[in-house]
Every structure is written in structure tokens, then in C-alpha cells.
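Shown next, in C-alpha cells, is the structure this report addresses.
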Amino acid sequence: MRLLIMGPPGAGKGTQAKKIAEHYGIPAVSTGDIFRANVAAGTPLGLEAKRIMAEGGYVSDEITNGIVANRLDEDDAEHGFLLDGYPRTLPQVHALDAMLGARGHRLDHVISLQADVDAIVERLKKRAELEGREDDTEEAIRVRQEVYAKETAPLLAVFSERGLLVEVDGLGSMDEVSERIFAALDAG
Ligand code: AMP
């Protein structure tokens with residue numbers, strides 16, 4: 001299984017990604033988690049990503065593509081993976097196509113997790129209280145929704161044209177949503 005999970009910030013991608021990965025026995029690769037780990041460790045990459053992330057913008061394609069290429073080269077990703085939060089731009093889609101093509105691989109499905117904006121903002125506010133993520137300020141939440149709408153939402157059409165898109169309603173309990181995802185993937 002080579003999967004992507006997409007959806008607006010706060011739709012619950014990270015939570016579902018972990019459950020899906022566990023279900024299919026593949027690693028969940030979250031570019032956001034990789035960046036946060038670098039910020040926490042104070043690496044040069046982390047220093048560069050920290051400000052961009054706090055403002056709600058995107059880290060450069062060059063840097064992001066590089067970390068994904070390295071991660072997909074690790075042994076545990078040889079037979080499958082679930083990418084969470086990547087690709088987010090058209091150049092990232094093309095970079096991923098090239099990475100997979102070079103290895104003779106292709107994507108099986110792209111999960112599109114759907115959620116409405118009010119539900120998302122509520123979820124993000126709650127997460128801000130629970131996790132204290134630096135990019136869960138009201139301003140950063142707004143910027144992230146705008147950047148998503150402009151840069152990332154259009155990618156759904158690209159994957160739809162490729163016949164890869166699996167649309168799932170992201171509203172409901174964590175288990176309800178994962179059951180929906182498993183049913184949709186098994187049907188596809
Ligand atoms: P996430 O945990 O997926 O919400 O990502 C948190 C932040 O990390 C994003 O708001 C971006 O600043 C950065 N980030 C994560 N993935 C990417 C990506 N594919 N391209 C650019 N920036 C990213």
C-alpha cells in the first residue's frame with residue numbers, strides 16, 4: 001500500500017494516518033512531524049523551519065522534497081507507506097512522481113479527508129489547549145487555511161483525474177472516521 005492522506009489543516013489527518021498505518025502495517029510519514037522533530041532538536045533545518053511553521057506558511061519545496069526522498073529510502077518504507085501532509089504543492093507532486101517512478105512504484109490511493117471550516121477551527125482551538133502547538137494561534141490557523149486553499153486544495157483535482165482519490169467524511173469520532181476510511185480503501 002502506497003497511500004497519501006490529504007485534507008485541510010485540522011481535519012484530523014495525523015490521527016487517522018497513525019491508525020491507517022497501523023492497520024496496514026506500513027509507516028506513517030508526516031513531514032510536519034519531521035519538521036517538528038528538527039525544531040525540537042535545534043538542527044539547521046529546524047532553525048529554518050521554525051519561523052515558517054509558526055507563521056503558518058510552507059517550508060520550501062526543495063527542503064521538503066529532500067526530507068521525503070531520504071525518508072522513503074529507509075528500509076521500512078520499501079513495501080509501502082502513508083504520507084501525511086505531503087505533497088502540498090504541485091512541484092511536490094511532481095517530485096513525488098519522480099521519486100516513485102525511479103523506484104518503479106506508484107500510488108495506490110489518495111485519501112481526501114473532508115471537514116467543514118467551523119469544525120476545523122473548533123478542533124484546532126482544542127488542540128492548541130491540549131498540545132500547545134506554536135502554529136495553533138488564531139492568526140496562524142487562518143493563514144494555514146488560506147495557504148491550504150490556494151496551494152494544496154487544487155491538488156485534489158490532479159489525483160481525481162488520475163483516478164486515485166478516495167473521499168471520506170472526516171466528521172465524527174476517531175473510530176467512526178477510520179472505519180469509513182478502511183471501508184473506502186477496501187472497496188477501492
Ligand atoms: P502538519 O503537521 O502537516 O500540519 O504540518 C505543520 C507545518 O509543517 C505546516 O504548516 C508547514 O509549515 C510545514 N509542512 C509540513 N508539511 C509540509 C509540506 N509538504 N510542504 C511544506 N511545508 C510543510
Side-chain angles (χ1 to χ4, degrees), residues 2-21 27-73 77 81-100 107 110-115 117 119-156 158-159 170 174 177 181:
R2 292 186 178 85
L3 305 171
L4 308 184
I5 185 162
M6 296 184 60
K13 291 189 297 293
T15 310
Q16 292 302 330
K18 290 188 186 82
K19 296 196 66 178
I20 299 162
V29 174
S30 155
T31 41
D33 281 353
I34 296 173
F35 289 136
R36 278 184 288 278
N38 276 275
V39 170
T43 67
L45 166 61
L47 294 177
E48 190 161 338
K50 188 177 161 78
R51 184 187 48 82
I52 300 170
M53 290 172 75
E55 287 171 358
Y58 283 172
V59 178
S60 77
D61 288 331
E62 195 186 347
I63 290 178
T64 308
N65 292 333
I67 64 159
V68 173
N70 286 337
R71 181 62 187 86
L72 295 188
D73 268 341
F81 53 77
L82 168 62
L83 282 169
D84 159 22
Y86 179 93
R88 264 174 153 102
T89 66
L90 202 55
Q92 291 181 14
V93 172
H94 296 146
L96 178 62
D97 288 342
M99 284 174 224
L100 293 176
L107 292 173
V110 176
I111 302 157
S112 166
L113 202 57
Q114 301 176 323
V117 174
I120 282 172
V121 171
E122 278 314 304
R123 194 199 291 259
L124 289 178
K125 280 197 210 150
K126 214 186 270 173
R127 187 172 75 184
E129 285 167 23
L130 294 174
E131 296 179 18
R133 255 177 68 161
E134 236 178 283
D135 57 352
D136 280 341
T137 65
E138 211 166 313
E139 171 66 6
I141 289 172
R142 189 184 61 74
V143 172
R144 271 154 66 215
Q145 299 298 338
E146 282 173 11
V147 175
Y148 175 81
K150 184 163 173 278
E151 303 272 348
T152 305
L155 306 185
L156 294 171
V158 173
F159 292 119
M174 195 171 93
V177 176
I181 294 174

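Order of appearance sets the numbers: ligands from 1, and atoms from 1 within every ligand.
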Among Thr31, Asp97, Asp61, find the residue that satisfies the side-chain hydrogen bond (donor to acceptor under 3.5 Å, both in side chains) test when tested with Gln92.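 Of the listed residues Thr31, Asp97, Asp61, the side-chain hydrogen bond (donor to acceptor under 3.5 Å, both in side chains) partner of Gln92 is Asp61.
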
Quick one: do the Tyr58 and Thr152 side chains pair a donor with an acceptor below 3.5 Å? yes

Strictly below 4.0 Å, N to O, side chains only: are Lys125 and Glu129 in salt-bridge contact? no

Could you walk me through whether Met174 and Gln16 satisfy the side-chain contact (heavy atoms from CB on, under 4.5 Å) test, starting with their C-alpha distance in whole Å, then the side-chain angles of each, then the deciding distance to 0.1 Å, before giving a yes or no? CA-CA 7 Å; Met174 195 171 93; Gln16 292 302 330; 3.9 Å; yes

Exactly one of Asn65, Val29, Leu4 clears side chain to side chain contact (heavy atoms under 4.5 Å, CB included) with Tyr86, and that residue is Asn65

If I compare all heavy atoms of Pro9 with all of Arg144, which pair ends up nearest, and what's the gap?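 The pair with the smallest heavy-atom distance is CG-O, 3.8 Å.
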
Expected rows: ligand 1 N/O, protein N/O, dist below 3.5 Å:
{"residue": "ligand 1", "atom": "2 (O)", "partner": "Arg36", "partner atom": "NH1", "Å": "2.9"}
{"residue": "ligand 1", "atom": "2 (O)", "partner": "Arg36", "partner atom": "NH2", "Å": "2.8"}
{"residue": "ligand 1", "atom": "3 (O)", "partner": "Arg88", "partner atom": "NH1", "Å": "3.1"}
{"residue": "ligand 1", "atom": "3 (O)", "partner": "Arg88", "partner atom": "NH2", "Å": "3.2"}
{"residue": "ligand 1", "atom": "4 (O)", "partner": "Arg88", "partner atom": "NH2", "Å": "3.4"}
{"residue": "ligand 1", "atom": "12 (O)", "partner": "Gly57", "partner atom": "O", "Å": "2.6"}
{"residue": "ligand 1", "atom": "16 (N)", "partner": "Thr31", "partner atom": "OG1", "Å": "2.7"}
{"residue": "ligand 1", "atom": "16 (N)", "partner": "Gly85", "partner atom": "O", "Å": "3.3"}
{"residue": "ligand 1", "atom": "16 (N)", "partner": "Arg88", "partner atom": "NH1", "Å": "2.8"}
{"residue": "ligand 1", "atom": "19 (N)", "partner": "Gly85", "partner atom": "O", "Å": "2.9"}
{"residue": "ligand 1", "atom": "19 (N)", "partner": "Gln92", "partner atom": "OE1", "Å": "3.0"}
{"residue": "ligand 1", "atom": "20 (N)", "partner": "Gln92", "partner atom": "NE2", "Å": "2.9"}
{"residue": "ligand 1", "atom": "22 (N)", "partner": "Val59", "partner atom": "N", "Å": "3.1"}

